[in-house]
K.L.:
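One structure, pasted below without further comment.
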Amino acid sequence: MRFEPVFYRCSGEARRSGSPAAMRRAGECLGGDTAFGAQAAVRTVKKVIDAYASHGARVRAGSRAGLRRAKADCRAIRFRSDSAQPFDDRMLSWRYDAGTVSIWTTEGRLKGLRFVADAAQLALLKAHRRGESDLVSRDGKWLLIATCEVTEPEAPTPDDWIGVDRGIVNLATTSDGENFQGRRLQRYRRWHALKRSELQAKGTRSAARRLRRRARREHRHATHLNHAIAKKLVAVAQRTGRGIALEDLSGIRDRVRPRRDQRAAHSSWPFHQLGTFIEYKAKRAGVLVVTVDARYTSQTCPRCGHTARGNRVSRDMFRCRGCGLAGPADHVAGINVRNRARSAWAPVNVPGPPARGRAVDATCPPPPAVDGERDSMGATSSPPRSRS
């Protein structure tokens, strides 16, 4: 458009100064050469100012430094014709019963545009929609993204905890022994990596477009799996009156240096997204979520408390060198996460909660099982190894 360079300069001045006069000047730069209405001009100015504010926030956070910052500073921010557009209630109105919207465009207001939504989404939209809505073009489809403010129910005091161990091979393993495997996701990612390498070798524009589509498809698949896992965990916790205990995995990508063949799996591990989904679904369901220290959860025996690297004999197997307790390593880690949540919650809720199901209670260790006997975890206990 003809007004772009002038408008970027005016909006940048408005963002830096923040004064009402600079805001008015930015509006004059936009409204002088276009047929925008007052509200559309205000929203456009706000969008450009937010773009510059986002750039400044990234610079302060350190994500843009050196050459990347120099390139971003020397060029104006440009907007695609199909980029997301914010609409407030003056520019977009919803007709929930009719299933239509009335939306402002540069060619005039369009009325009676139908939208499609699930029955549960429509009820949530009708009851809790607040603020702006964004119009987004994605893969040839137009989507309306609305913000809903839902009141969080008060979380009751949990009777016990469900410990959740997150991993790469097993995305989540609970202290109850339920396991959500990640092997299918790993195979899916390897297949996409193979296709990516083939498309990158072509180096054409069509290949670049297909690469972007494949990246979004892979992201949607992982997001769907995390949604399904989080939904099931929260449903079990809500039904049994328990809270959910998660490991604090912040900074794990900086602390761990994986081998070359493990870097792709480690960098694409969606543990943070799974934790975020569990937290927000638990808030809506009134389930309490706590985080505990993740150190040595897979190397500590929940029965006798013995901690050693040798207890983890393999990736999938745990065998205590002190008491002989044996079982799946991720299940043991989930039990340790649950026990640490019990210990952290004990000063507030005395006496401690009783053990549930197949869980092993570290506060009251059972006597060692004889050789070949099944213990409370469903695993076989072997006599402790002799130390020379």
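Just so you know, these numbers use all the heavy atoms, side chains as well, and skip hydrogens, waters and symmetry mates.
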K.L.:
Got a sec: does the CZ of R109 have more than 12 other heavy atoms crowding it under 6.0 Å?
P.N.:
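Enclosed: over 12 neighbouring heavy atoms sit under 6.0 Å from CZ of R109.
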K.L.:
Return yes when atom CD of E198 has more than 12 non-hydrogen atoms of other residues, nucleotides or ligands closer than 6.0 Å, and no otherwise.
P.N.:
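Yes, the 6.0 Å shell around CD holds more than 12 heavy atoms from other groups.
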K.L.:
Please name the pair of heavy atoms, one in A294 and one in L249, separated by the smallest distance, quoted to 0.1 Å.
P.N.:
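In this case the closest contact between A294 and L249 is CB-CD2, 4.0 Å.
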K.L.:
Verify side-chain contact (heavy atoms from CB on, under 4.5 Å) between F271 and I168, making sure each step is shown before the conclusion.
P.N.:
CA-CA 8 Å; F271 69 91; I168 298 178; over 6 Å; no
K.L.:
Knowing that exactly one of N170, I335, V169 qualifies, which makes a side-chain contact (heavy atoms from CB on, under 4.5 Å) with D330?
P.N.:
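So, applying the side-chain contact (heavy atoms from CB on, under 4.5 Å) to D330 and each of N170, I335, V169, only N170 qualifies.
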K.L.:
Does CZ in R315 sit with more than 12 non-hydrogen atoms of other residues, nucleotides or ligands closer than 6.0 Å?
P.N.:
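Yes, enclosed.
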K.L.:
About how many Å separate CG of L325 and CZ of R303, when rounded to the nearest 0.5 Å?
P.N.:
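Separation between the atoms: 4.5 Å.
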K.L.:
May I ask you to decide if the ring planes of F277 and Y280 are parallel, tilted or perpendicular, using 30° and 60° as cut-offs?
P.N.:
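Correct class here is perpendicular.
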K.L.:
Please lay out, stage by stage, how T173 and E178 fare under the test side-chain contact (heavy atoms from CB on, under 4.5 Å).
P.N.:
CA-CA 6 Å; T173 305; E178 190 171 10; over 6 Å; no
K.L.:
Please check if atom CZ in R138 has more than 12 non-hydrogen atoms from other residues, nucleotides or ligands closer than 6.0 Å.
P.N.:
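No, not enclosed.
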K.L.:
With no hydrogens and no angle check, just 3.5 Å: does a side-chain donor-acceptor pair link S298 and R312?
P.N.:
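Looking only at side-chain atoms, R312 and S298 do form a donor-acceptor pair, the distance falling under 3.5 Å.
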K.L.:
Can a salt bridge be assigned to the pair R342 and D160 using a cut-off of 4.0 Å between side-chain N and carboxylate O?
P.N.:
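Result for this pair is yes, salt bridge flagged.
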K.L.:
Got a sec, which hydrophobics cluster with V164, joining ILVMFWY side chains under 4.5 Å apart, including via others?
P.N.:
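Direct or chained contacts put V164 with I162, L171, F180, L185, L225, I229, L233, V234, V236, I244, L246, L274, I278, V287, V289.
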K.L.:
Which heavy atom of V332 sits nearest to which heavy atom of P302, and what is that distance?
P.N.:
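Heavy atoms of V332 and P302 come nearest at CG1-CD, 3.6 Å.
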K.L.:
What I want to check is whether the side chains of Q273 and N226 have a donor and an acceptor closer together than 3.5 Å.
P.N.:
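The answer is yes; a qualifying pair exists.
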K.L.:
Hey, quick one: are L125 and M91 part of the same hydrophobic cluster, counting side-chain heavy atoms closer than 4.5 Å, chains of contacts allowed?
P.N.:
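Linked within one cluster.
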K.L.:
Show your working on side-chain contact (heavy atoms from CB on, under 4.5 Å) between R196 and H192 and close with a plain yes or no.
P.N.:
CA-CA 6 Å; R196 274 198 306 271; H192 271 283; 3.9 Å; yes
K.L.:
Restricting to non-hydrogen atoms, name the atom on A245 and the atom on V337 that form the minimum distance, rounded to 0.1 Å.
P.N.:
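Closest approach of A245 to V337, heavy atoms only: O-CG1, 3.5 Å.
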K.L.:
Evaluate D97 against K126 for salt bridge (Lys or Arg N to Asp or Glu O under 4.0 Å), listing each step before the verdict.
P.N.:
CA-CA 9 Å; D97 297 333; K126 187 175 181 180; 3.2 Å; yes
K.L.:
Can you list the steps and then say if R213 with E218 is a salt bridge (Lys or Arg N to Asp or Glu O under 4.0 Å)?
P.N.:
CA-CA 9 Å; R213 286 199 298 268; E218 182 180 354; over 6 Å; no
K.L.:
Does K232, at its NZ atom, have more than 12 non-hydrogen atoms belonging to other residues, nucleotides or ligands within less than 6.0 Å?
P.N.:
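Count not over threshold, so no.
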K.L.:
Closest approach of R183 and D316, non-hydrogen atoms and distance?
P.N.:
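The pair with the smallest heavy-atom distance is NH2-OD2, 4.2 Å.
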K.L.:
Enter the distance from R321:CZ to R309:CZ here, rounded to the nearest 0.5 Å.
P.N.:
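Nearest 0.5 Å value for the CZ-CZ distance: 12.0 Å.
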K.L.:
Is it true that the side chains of D176 and T174 contain a donor and an acceptor less than 3.5 Å apart?
P.N.:
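Note: D176 and T174 side chains miss the donor-acceptor criterion.
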K.L.:
Answer yes or no: does atom NE2 of H272 have more than 12 heavy-atom neighbours from other residues, nucleotides or ligands under 6.0 Å?
P.N.:
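Atom NE2 in H272 is not crowded, with 12 or fewer foreign heavy atoms closer than 6.0 Å.
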K.L.:
With the threshold set at 4.0 Å, does a side-chain nitrogen-carboxylate oxygen contact exist between D88 and R90?
P.N.:
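Looking at D88 and R90, the cut-off is not met.
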K.L.:
Linking I/L/V/M/F/W/Y whenever their side-chain heavy atoms sit closer than 4.5 Å, directly or via other members, would I103 and W94 fall into one cluster?
P.N.:
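Yes; W94 is reachable from I103 via cluster members.
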K.L.:
As a quick check of understanding, evaluate salt bridge (Lys or Arg N to Asp or Glu O under 4.0 Å) for E247 and R166, giving each step before the final call.
P.N.:
CA-CA 8 Å; E247 297 171 298; R166 290 170 288 175; 5.3 Å; no
K.L.:
Looking at every non-hydrogen atom in both residues, tell me the closest pair between S102 and K111 and how far apart they are.
P.N.:
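Scanning both residues, the minimum pair turns out to be OG-CG, 3.6 Å.
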K.L.:
Is there a donor-acceptor pair under 3.5 Å between the side chain of S54 and the backbone N or O of A51?
P.N.:
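Checking the backbone N and O of A51 against the side chain of S54, no donor-acceptor pair under 3.5 Å is found.
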K.L.:
Consider only side-chain heavy atoms of I, L, V, M, F, W and Y, link residues closer than 4.5 Å, and tell whether L113 and L92 are in one cluster.
P.N.:
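Shared cluster, yes.
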K.L.:
Working note: R129 + D89, criterion salt bridge (Lys or Arg N to Asp or Glu O under 4.0 Å); need CA distance, chi angles, decisive distance, verdict.
P.N.:
CA-CA 11 Å; R129 190 191 67 82; D89 290 340; 3.1 Å; yes
K.L.:
In Å and rounded to the nearest 0.5 Å, what is the CG to CH2 distance from L288 to W161?
P.N.:
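Going from the CG atom of L288 to the CH2 atom of W161 covers 4.0 Å.
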K.L.:
According to a 4.5 Å side-chain heavy-atom criterion applied to Ile, Leu, Val, Met, Phe, Trp and Tyr, with indirect links allowed, do I145 and L135 form part of one hydrophobic cluster?
P.N.:
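No.
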K.L.:
Would D134 and K47 pass as an ion pair if we require N to O under 4.0 Å?
P.N.:
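K47 and D134: not salt-bridged.
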K.L.:
Can you check whether Y296's main-chain N or O pairs, donor with acceptor, with T300's side chain at less than 3.5 Å?
P.N.:
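Yes.
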K.L.:
Please indicate whether R210 has more than 12 foreign heavy atoms, meaning atoms of other residues, nucleotides or ligands, lying under 6.0 Å from its CZ.
P.N.:
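No.
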K.L.:
Is it the case that one hydrophobic cluster holds both L143 and F115, taking links as side-chain heavy atoms less than 4.5 Å apart, direct or via other members?
P.N.:
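As far as the 4.5 Å side-chain criterion goes, F115 and L143 are not connected within one cluster.
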